[in-house]
Amino acid sequence: MTSLSENLKYVRSGIGEPDYGTPASTSEELVSVTIDGITRQVAAGTSVMRAAGEQGCSIPKLCATDSLEPFGSCRMCVVEIDGRRGTPASCTTPVEDGMVVRTQTAKVAKLRRNVMELYISDHPLDCLTCPANGDCELQEMAGVVGLRDVRYGYEGENHLEEPKDSSNPYFEFDGSKCIVCNRCVRACDEVQGTLALTIEGRGFNSKVSPGGLNFLSSECVSCGACVQACPTSTLQEKSVIELGMPTRTVQTTCAYCGVGCSFNAELRGDELIRMVPAKNGGANEGHSCVKGRFAWGYASHKDRVTTPMIRESIKDEWTVVSWEEAIGYAATKFKEIQAKYGDNSIGGVTSSRCTNEEIFVVQKMIRAAFGNNNVDTCARVCHSPTGFGLSSTFGTSAGTQDFKSVAKSDAIMVIGANPTDAHPVFGSRLKKRIREGANLIVVDPRKTDLVKSAHIEADYHLQLQPGTNVAVINALGHVVVTEGLVDEAFVNERCDRAAFDRWAAFIALPENSPEVVEAQSGVPAQAIREAARLFAAAKNGAIYYGLGVTEHSQGSTMVMGMANLAMATGNIGRDGVGVNPLRGQNNVQGSCDMGSFPHELSGYRHISDNAVREQFETLWDVKLMAEPGMRIPNMLDNAVSGEFRGMFVHGEDIAQSDPNTKHVMHALESMDLVVVQDLFLNETAAFAHVFLPGTSFLEKDGTFTNAERRINRVRPVMAAKNGKQEWEIVSELATAMGYAMHYDNAAQIMDEIASITPTFANVSFELLDRVGSLQWPVNEKAPSGTPIMHVDGFVRGEGMFVETPFVPTDERANRKFPLLLTTGRVLSQYNVGAQTRRTENSTWHPEDILEIHEADALMRGITDGMKVAISSRIGETILKAQVSERVPAGVVYTTFHHPLSGANVITTEFNDWATNCPEYKVTAVEIRPADSSADSVNTLDDVLMKA
Amino acid sequence: MDVNVLIRMADQIEKNMPFAGNKAELVATHLVKFWTPVMRADLYKEVTSRPTDFSPVMCEVVEILHSQANAVLPYGGLKGSSEA
Ligand code: SF4
Ligand code: SF4
Ligand code: SF4
Ligand code: FES
């Protein structure tokens, strides 16, 4: 018998992963089935096709693929089953106890050949020149079923003249090759949940249609699921058409959002041809979004700088220098600054875009070589309140679940998050669960796609005023407590009862009632009451949240408010429940885990803890400061006042991403030395004296940790264009400053992290390569990792309820600035856009848009598409207006992906009380039609030009 | 660092501090955990130079900071120290 893998090779050709035809059954019940003489125990509900494939007897197929439910349309997979009439399709027939199946009889062979003959008679015979040659299931099946001739000839009525649709920038649709197997339509429905495709017409006239004019103008979000599902070359990546079929693969991790999708980077020689989502990826299980799947071209964009550069003054031109010179220059300058202004006059920022290993090394350099704790991370500006809030209540700075868990949720509350745009692969999982019947509560000032889109409608949309999250979460808690909906057993068993009693007394106060909160938040009291009842009554209630929670003056309070609600309703510690941050960047979780906050070492241990600090001191052979260092805003404030003079900025564009741009720029230009390590000369680099070129994720060797605490390997797909790994550069800088640091490879850095970080104790590259990915804690108690936290008890012991009084932000709408601006993301762009703007993704979002309600627009003489000036008490910028029903009157919304619009020119200095996370989500503004000549000043570019 | 920024931050912490216990101690602990010693010393100098402009809680906070410059106090039952 041929081996399993050999057999499966003909089921999915090329370099792809095996395809068992139908999804695995989740049943625990086993049945006994005999296939081609082999008797095995198989999970009940498994299809005959899959059971056969698993034992190495692959059955030919066309319309089946294991990412989709079986459809049974092609009849290629027929088998004979003892005691059954006819020849059932093996993909739609589940195994039964005692079933005897024969997959290779003369009868089924003939039937399969006949079916194939019909397909081929209406298919172009251009296999040798077809881009999918070698990766086409039709071609392969024709061989497998032994088709040698087509009796009907090729002259009959056919589809060979069907036009091509090349409108999507990344893939092409060639209707002449379509076998109408419906896999693309089902992929769009079942996997992506966009429902953009249909089969139009009947019988011979059936064809795939994206609706509208073409793919680009349709609902399609370019996730690539249909392309992947297509067994022919009908839907094909343009890169494959242009460059040819890949020949080898390297598995790695997407470097965009916090979902952390695994991808097979498929190459031809050293050239990357395409990124295909990996079916064995723990976070994505074979799905992707337009960013990870297609928007990787920035890595070889012409703007990329690959040589080190220095300059004396930011007014000078850059001079290209050797690594040695650049590193020597930076080290000497840093040391000079410290000699003149003291040890604390320099510091650095780590990046959530970089690997755990790079981040660990940067914070080590700052603590050990700079000799201070002035290290902070860009997570400061996104999810710092998550850690504060969740560690205060549960004892861990991380989300409680794996992404899979949502499939078991019965009521899902999405607060201040827009997963279909910002965390699309999780968004697809969530939509799938909603389509299956789970209830959905959306808490958001804006009508996101989750509120209403194809086959999705939220049961409740609590459309609150920006800045009133805490009031609303308190009102939800109020209903739970005052209407007797508390899960008393959970609270008694798992939580600090005295803390609960204090909280319950507080939350029951009339000031927290939905009726009072209605006046503050604008959310009808009845809707709050009903939503609370729905959530509390659900068997499994889960909360997912994003930056719409954290980026507020009360971000930390809100995180604790959500934790209170989850505990009061008993929704912690099992599948389908939990409190889950949707992290913005790919490695926000990792950058926090790796000790890049100024007050704590890796694994969230305070720097003042003598025992912990001494361990690091021994390992690193250096004395560490025992006091917290400066946070990013502290560094910038101190730069303005002249006490902070030098900064190492690792892979972050703080000039664009941090609030109050003018202030940030003033701080940057006040410093004597700014060292930027990045792929591009970003906005921050305009203020830099040393530029150290970085590596793209395609060149990195290391790990990222996603929002489910999943540690994923990032493997180098190509050689580093700058010639060095970033941890190498940082080690050389530390060494040049007098603290010798050296690693032979990234695996050694992970070994060091594991040796000193209890939650990473058992992690190593070797283990990760063996098992795929691991969710921390990974230690002796949990050697295979921890998909769900707080199962038998909270990490802190007992769950801690915290009273969460609503303290409104000082940022208020007033007569001068009567509207509230809130911000978000779109699907196709990412963060400040440095990467996605350098790809074809800009096809979908070429500029930032300001959404404004019709009434507010009308009052100001603003029409759709008009350029408007938007001003806050901090600054003014220009955006294009879109009159929209997504925002209520009094609220406007924009994204921050383009430096030209510079949304942060207008955001304020207000921030979270506990963590200084900026209040990006609430800015009082006024808007007026822009006079194009006078109003083109003060955009980020102008601020930059003037600087 | 601009002392007005420090005062604004300290006031905000006082106003929002949600944990149960002695408020001045809780605020002081927060500052010990998350502020640099220089920031704490600057706040102390400012508050003690014009105490009538500050709340009694803030006056107590800086006294605690001064007396226990480097101590980490118990923090509303909080065991972790994280913020990520
Ligand atoms: S790319 Fe994604 S959204 Fe677009 S049609 Fe295909 S499956 Fe649907
Ligand atoms: S485009 Fe591909 S997946 Fe869709 S029906 Fe045609 S052959 Fe099947
Ligand atoms: S951007 Fe996020 S959802 Fe999209 S492929 Fe990358 S990790 Fe996955
Ligand atoms: S693969 Fe079973 S009917 Fe098509």
Minimum heavy-atom distance between B:I13 and A:W913, given as atom pair plus value: CG1-O, 3.3 Å

So A:M630 and B:W35, do their side chains get closer than 4.5 Å, heavy atoms only? no

Distance col, row B:M9:CE vs A:N634:CG, nearest 0.5 angstrom, shows 5.0 Å

Checking A:E643 against chain B: side chain, backbone, both or neither under 4.5 Å from a heavy atom? side chain

At their closest point, which heavy atom of B:Q12 faces which heavy atom of A:D912, and how far apart are they? NE2-C, 4.0 Å

Non-hydrogen atoms of chain B under 4.5 Å away: do they reach the side chain of A:M625, the backbone, both or neither? neither

Drop me the distance from B:N16's CG to A:F806's CZ, to the nearest 0.5 angstrom. 10.5 Å

Which atoms of A:S553 approach chain B - backbone, side chain, both or neither, heavy atom under 4.5 Å: both

Filtered by a 4.5 Å non-hydrogen cutoff, the part of residues 43-52 of chain B contacting chain A is none

Minimum heavy-atom separation for B:A20 to A:R502, with atom names? CB-NE, 3.3 Å

Before accepting this row, confirm whether a basic side-chain N of the pair B:K33/A:E600 lies closer than 4.0 Å to the acidic partner's carboxylate O. no

Using 30° and 60° as the class boundaries, would you call the ring planes of A:H599 and B:F34 parallel, tilted or perpendicular? perpendicular

Can you measure from OG1 (B:T36) to CG (A:N373) and round to the nearest 0.5 angstrom? 10.5 Å

So which atom in A:P628 and which in B:P37 form the shortest heavy-atom distance, rounded to 0.1 Å? O-CD, 4.0 Å

What closest approach, in Å, do A:E803 and B:P18 show between heavy atoms, and which atom pair accounts for it? O-CB, 3.0 Å

Salt bridge check: are B:K15 and A:D810 linked by an N-O gap of less than 4.0 Å? yes

If you measure from CE on B:M1 to CG on A:N638, what distance do you get to the nearest 0.5 Å? 5.5 Å

Let me know if A:N344 has heavy atoms under 4.5 Å from chain B in its side chain, its backbone, both or neither. neither

